[in-house]
Protein chains: 2
Amino acid sequence: MTIVNETPADEQHLAWLARSFGRPDYLPLSPADLEALSNAGAIVKKYPGTHLFKEGEAATSAFLVREGDVDLYRGPAAQREVVGRVGPGAVIGDIAMFSDQPYISSARAVGHVTAFRFDRDRLLPELARSPAITLRWLVASLTQLERTQRRVLNLMHRTVIAQVAGLLVNESDEQGEVALSQATMATLLGASRQSVNEALNELKRRGQVETGYRLVRVLDIAGLSQIAGRD
Amino acid sequence: MTIVNETPADEQHLAWLARSFGRPDYLPLSPADLEALSNAGAIVKKYPGTHLFKEGEAATSAFLVREGDVDLYRGPAAQREVVGRVGPGAVIGDIAMFSDQPYISSARAVGHVTAFRFDRDRLLPELARSPAITLRWLVASLTQLERTQRRVLNLMHRTVIAQVAGLLVNESDEQGEVALSQATMATLLGASRQSVNEALNELKRRGQVETGYRLVRVLDIAGLSQIAGRD
DNA sequence: CCTAGAGTGTCTGCTAGCCGACAATTGTAT
DNA sequence: ATACAATTGTCGGCTAGCAGACACTCTAGG
């Protein structure tokens with residue numbers, strides 16, 4: 001994880017994917033749906049460090065994460081650039097699969113991961129049989145599209161501090177903590193490490209966050225949300 | 001059309017919608033599909049200046065433009081901010097309709113417009129009956145999503161000149177002309193009018209474009225594409 | 001307990017692009 | 001024709017944020 005200040009467009013693409021698709025609320029499928037789709041794939045368990053899929057492979061499957069976290073990264077394994085981490089509820093690889101394109105990132109199990117794997121060839125007929133589910137997926141993807149566009153705006157002409165605030169609001173866990181290095185946050189936002197650092201200092205000065213090693217603790221979500229602007 | 005240098009986030013959202021959805025290649029439906037969906041709506045003809053839908057209305061319908069151009073704009077009619085123009089093949093309003101949200105923009109016929117109007121209440125059952133079409137729509141929307149994200153990158157960290165070049169490449173018609181004011185282009189890109197002007201001058205200096213009143217003539221598409229970077 | 005590698009805190013340029021302002025040009029409606 | 005509106009062309013000032021550099025701090029692995 002060295003590439004930090006040089007964040008080529010492709011890295012950021014990934015960052016985008018992560019930010020947009022990694023969101024757990026992008027869950028187009030209910031348990032009932034899954035029941036109906038049980039023929040379309042299978043549950044898979046992955047040991048830490050193993051891959052769900054790799055960048056560049058033909059996208060024959062999509063995955064719905066059930067348990068555990070998955071890192072999305074790009075580039076050769078040796079110098080991989082982690083670009084996002086998704087947890088239970090996330091659907092990954094569906095775009096590539098439906099669009100019949102190679103995966104644009106690699107997905108690697110962080111801890112023990114359980115996921116439902118949809119196989120393209122089996123899923124399509126199944127969807128043709130269950131239009132309601134297809135429709136649900138469609139609505140989910142359109143919602144996602146809308147959200148992505150909306151988010152774009154919030155990035156495009158917002159100051160780094162607003163972006164950082166937004167990221168913290170979205171990414172903080174139950175304890176209000178965000179366990180990301182400033183460099184990673186910078187990549188996620190498409191900003192420079194220095195700028196993120198500066199923004200964080202400002203927020204710290206205002207008493208809205210505390211920072212630590214690879215950690216940011218959110219103290220005032222309301223305040224941050226306000227800074228971030230509507231989302 | 002005064003608001004030019006102040007381009008609030010919402011305006012740009014619209015710009016995004018226009019740029020992303022206005023693209024004629026976002027056509028998920030073949031004539032055969034339409035035939036199958038003929039129960040889901042009806043063909044409508046609009047006189048110049050009339051509206052297909054207005055911002056804020058409940059999105060009960062989506063439209064597939066058949067003939068003529070449609071302006072997408074935002075704000076009160078008096079001081080409307082045109083934010084994009086779409087032609088035949090474009091599908092508009094589908095996001096709002098499927099997501100059950102109000103339209104985010106108004107759509108107004110520029111010339112005589114023929115369009116197919118999908119009515120939500122009739123479309124949904126119809127889609128349930130024709131899963132293949134739903135699936136096609138899904139794939140189209142995911143492709144669109146992917147494209148949008150990719151495009152985001154090209155905007156996010158590219159210089160204005162690169163953005164302008166990209167816009168020209170995408171938006172030029174058969175004669176290699178783009179009939180947009182610099183101010184509109186600026187809004188579309190989320191840049192300032194002045195910067196766009198400067199970029200255009202640079203391109204002109206290099207002999208890659210000619211400019212006129214509300215018009216840019218593309219002389220060297222290859223060159224522009226290269227400047228724009230991969231898309 | 002030490003040390004190497006990762007991450008953080010800061011500083012000094014530097015520049016793209018924004019903003020406001022205003023003149024010059026082109027279109028359009030009377 | 002002619003006046004008014006829309007658009008283009010340009011300046012100068014100003015600021016956010018990037019790049020490079022470097023010291024300092026934390027943490028994990030022997």
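Within every chain, numbering begins at 1; the chains are lettered A, B, ... in the order of the sequence lines, protein sequences first and strands thereafter.
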Show the numbers, then the answer: is there a side chain to side chain contact (heavy atoms under 4.5 Å, CB included) between B:Val169 and B:Val218? CA-CA 8 Å; B:Val169 171; B:Val218 175; over 6 Å; no

If you apply the rule side chain to side chain contact (heavy atoms under 4.5 Å, CB included), what do you find for A:Val139 with B:Asp100, and how did you get there? CA-CA 9 Å; A:Val139 171; B:Asp100 212 5; over 6 Å; no

Expressed as a whole number of angstroms, how long is the span from [X]:[atom1] to [N]:[atom2]?
X        : N      : atom1 : atom2 : answer
A:Arg158 : C:dC18 : CZ    : C1'   : 16 Å
B:Leu200 : D:dT7  : CG    : P     : 15 Å
A:Leu215 : C:dA6  : CG    : C1'   : 15 Å
B:Glu202 : C:dA16 : CD    : P     : 11 Å
B:Leu189 : C:dG17 : CG    : C1'   : 13 Å
B:Leu180 : D:dA6  : CG    : C1'   : 15 Å

Which nucleotide in the list [options] gets nearest to the side chain of [X]?
X        : options                : value
B:Ser181 : D:dT8, C:dG9, D:dC18   : D:dT8
B:Thr211 : C:dT8, D:dG9, C:dC18   : D:dG9
B:Thr159 : D:dC18, C:dC18, C:dG17 : C:dG17

Is the ring pair A:Tyr103/A:Phe53 parallel, tilted or perpendicular, if the boundaries are 30 and 60 degrees? parallel

Show each protein N/O and nucleotides 10-15 of chain D N/O combination with a separation under 3.5 Å, one pair to a line.
residue	atom	partner	partner atom	Å
D:dT10	OP2	B:Asn201	ND2	3.4

State, with a plain yes or no, whether a side-chain heavy atom of B:Thr184 is found less than 4.5 Å away from one of B:Arg214. no

Side chains of A:Leu224 and A:Val209: closer than 4.5 Å at any heavy-atom pair? yes

Is there a side-chain polar atom (N or O) of A:Gln182 under 4.0 Å from OP1 or OP2 of C:dA6? no

Is A:Ser195 near enough to D:dG17 that one of its side-chain N or O atoms lies under 4.0 angstrom from OP1 or OP2? no

So, A:Gln101 side chain and A:Ala59 main chain: donor-acceptor pair closer than 3.5 Å or not? no

Polar side-chain atom of A:Ser106 near backbone of A:Glu55 as donor-acceptor pair, under 3.5 Å: yes

When you compare the protein's N or O atoms with those of nucleotides 2-5 of chain C, which come within less than 3.5 Å of each other, and at what distance?
none

For A:Lys204, I'd like to know if atom NZ has over 12 heavy atoms of other residues, nucleotides or ligands within 6.0 Å. yes

Within a 6.0 Å radius of atom CD on A:Glu198, are there more than 12 heavy atoms belonging to other residues, nucleotides or ligands? no

